[in-house]
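Working notes, beginning with the structure itself.
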Protein chains: 2
Amino acid sequence: MQIMISTIKSNRNIPEVVLKAAIHLFTEQGYFNTSVPDIVKKSGVSTGSIYHHFGDKTGIAKALFEMLVKRMENAFDDIERKHDSVQSRLRAVIEYLFQLTEEEPEVMTYMLFIKHKEIMPNMAPVCSSKPFTKMRQMVVDGMANGEIKTMDNMVAAASLFGGAFRLISLRLDGVLERPLMEYQDELWRCAWQSVQK
Amino acid sequence: MQIMISTIKSNRNIPEVVLKAAIHLFTEQGYFNTSVPDIVKKSGVSTGSIYHHFGDKTGIAKALFEMLVKRMENAFDDIERKHDSVQSRLRAVIEYLFQLTEEEPEVMTYMLFIKHKEIMPNMAPVCSSKPFTKMRQMVVDGMANGEIKTMDNMVAAASLFGGAFRLISLRLDGVLERPLMEYQDELWRCAWQSVQK
DNA sequence: TTGACAAGATTGAACGTTCATTCTAGTATG
DNA sequence: CATACTAGAATGAACGTTCAATCTTGTCAA
């Protein structure tokens with residue numbers, strides 16, 4: 001019996017295939033160095049289909065961003081459910097970020113280092129998105145329940161997460177040769193010491 | 001052709017005028033959203049002159065970057081000359097970065113948050129440039145002379161500067177409403193506490 | 001089971017625009 | 001007169017997007 005083309009075609013999820021190609025190209029060469037024909041070539045999906053699903057080129061970047069933000073948000077919700085103390089929550093957040101950086105560097109690059117404002121001019125900065133406000137809320141909670149020194153919220157959050165973001169950035173730039181996990185314990189000791197009561 | 005009066009012409013430094021227009025446009029809208037005609041309009045310098053001085057569009061971005069890196073390098077050399085202890089040097093570096101962010105946010109944005117690799121594909125990441133390696137060298141020196149706990153260099157540097165970079169980033173994104181100087185003391189206490197012996 | 005049909009998905013060639021760069025002509029300087 | 005600089009219109013390639021045609025899928029009457 002002949003295999004119908006239709007069954008093969010219907011087996012691929014076009015948005016998924018396109019987003020996979022897009023995140024690779026966007027993080028590798030940048031959004032503006034990636035043409036729609038590039039995405040067509042890489043994904044095997046036609047121009048027309050891409051426009052049918054995403055509206056325009058920025059629609060791809062937007063869909064990708066929203067997907068990844070939601071994913072990170074869910075991960076943080078999980079962490080809050082699984083840990084009681086603020087300290088262990090914060091540590092788990094950093095562990096998650098480090099793991100994500102190692103396992104899916106493109107995801108981390110896209111979330112942290114793509115200038116989304118250049119692509120979507122009236123988008124709020126990443127640091128105002130749910131996952132990031134949630135991180136800061138954890139710090140506020142820790143100050144309220146006495147785990148963290150009383151001080152400016154922003155300074156406390158920056159002190160706690162700043163080192164982690166620095167290492168992630170260095171790792172993604174290829175400056176750090178060993179996986180982030182190897183730095184985790186030492187970094188956390190520094191970070192926690194800087195704000196603990 | 002337009003007739004120019006010679007005195008007007010000789011009085012303006014074309015590279016300077018162009019770079020001034022460019023940094024404004026690049027940080028405001030992004031490099032790829034800025035066309036050469038945009039720069040022509042903003043600077044008042046003709047297309048031909050721009051190409052004569054800079055070769056191509058990336059030449060503008062490159063000249064700008066090199067100028068700013070050199071400037072920061074000189075500032076750090078000054079700091080090393082004026083301070084003896086590693087602790088006061090590091091504190092001075094953060095103070096300088098905070099001041100620069102407040103006084104010339106465009107300069108800081110261009111140095112830290114423009115993806116230069118997208119513009120000049122085979123450029124080393126910013127964190128490998130002289131000023132940044134010098135910052136890390138200060139930390140290494142501090143470990144050698146006993147001011148800083150013995151630990152991984154990168155973790156120590158990330159812990160010391162991570163919080164500062166975080167606050168700079170938040171400030172440039174408009175999330176932090178008050179000038180960075182107001183956070184400086186509290187932040188430095190956290191940062192230094194995390195690595196001091 | 002079959003055929004007709006509608007709605008939606010998919011295709012890629014074609015379109016109009018914009019961009020970086022080049023070109024030719026003109027001007028200042030020594 | 002030569003060299004360095006300035007000017008802005010012209011150029012051609014590349015881009016994002018559109019569109020008319022084609023294919024797929026699900027529905028329903030006979």
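Numbered from 1 within each chain, the chains take letters A, B, ... in sequence-line order. Note that the structure is predicted; figures quoted are calculated from it, not measured.
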**Message:** So if I take residues 42-58 of chain B and measure heavy-atom distances to DNA chain C, which residues fall below 4.0 Å?
**Reply:** B:T47, B:Y51, B:D56, B:K57
Do any side-chain atoms of residues 140-149 of chain B form donor-acceptor pairs under 3.5 angstrom with protein atoms, and if so which ones, sequence neighbours left out?
{"unit_1": "B:D141", "atom_1": "OD1", "unit_2": "B:Q137", "atom_2": "NE2", "d": "2.9"}
{"unit_1": "B:N145", "atom_1": "OD1", "unit_2": "B:E147", "atom_2": "N", "d": "3.0"}
{"unit_1": "B:N145", "atom_1": "ND2", "unit_2": "B:E147", "atom_2": "OE2", "d": "3.0"}
{"unit_1": "B:E147", "atom_1": "OE1", "unit_2": "B:V86", "atom_2": "N", "d": "3.3"}
{"unit_1": "B:E147", "atom_1": "OE1", "unit_2": "B:Q87", "atom_2": "N", "d": "2.9"}
{"unit_1": "B:E147", "atom_1": "OE2", "unit_2": "B:V86", "atom_2": "N", "d": "2.9"}
{"unit_1": "B:K149", "atom_1": "NZ", "unit_2": "A:Q193", "atom_2": "OE1", "d": "3.1"}

**Message:** Could you check whether any side-chain heavy atom of A:L90 comes within less than 4.5 Å of a side-chain heavy atom of A:M135, counting everything from C-beta outward?
**Reply:** no
**Prompt:** Looking at B:F32, does the NZ or CZ of A:K115 lie under 6.0 angstrom from its six-membered ring centre and within 45 degrees of the ring axis?
**Reply:** no
**Request:** Please say whether more than 12 non-hydrogen atoms of neighbouring residues, nucleotides or ligands are located less than 6.0 Å from NZ in A:K134.
**Result:** yes
**Item:** Carboxylate-amine/guanidinium contact B:E104 B:R71, below 4.0 Å
**Value:** yes
**Prompt:** Going by the angle between their ring planes, with limits at 30° and 60°, are B:F165 and B:F132 parallel, tilted or perpendicular?
**Reply:** parallel
**Request:** For DNA chain D, find the residues of residues 25-41 of chain B with a heavy-atom distance under 4.0 Å and give them by number; none if there aren't any.
**Result:** none
**Prompt:** Under 6.0 Å from the NZ atom of B:K62, do we count more than 12 heavy atoms belonging to anything else shown?
**Reply:** no
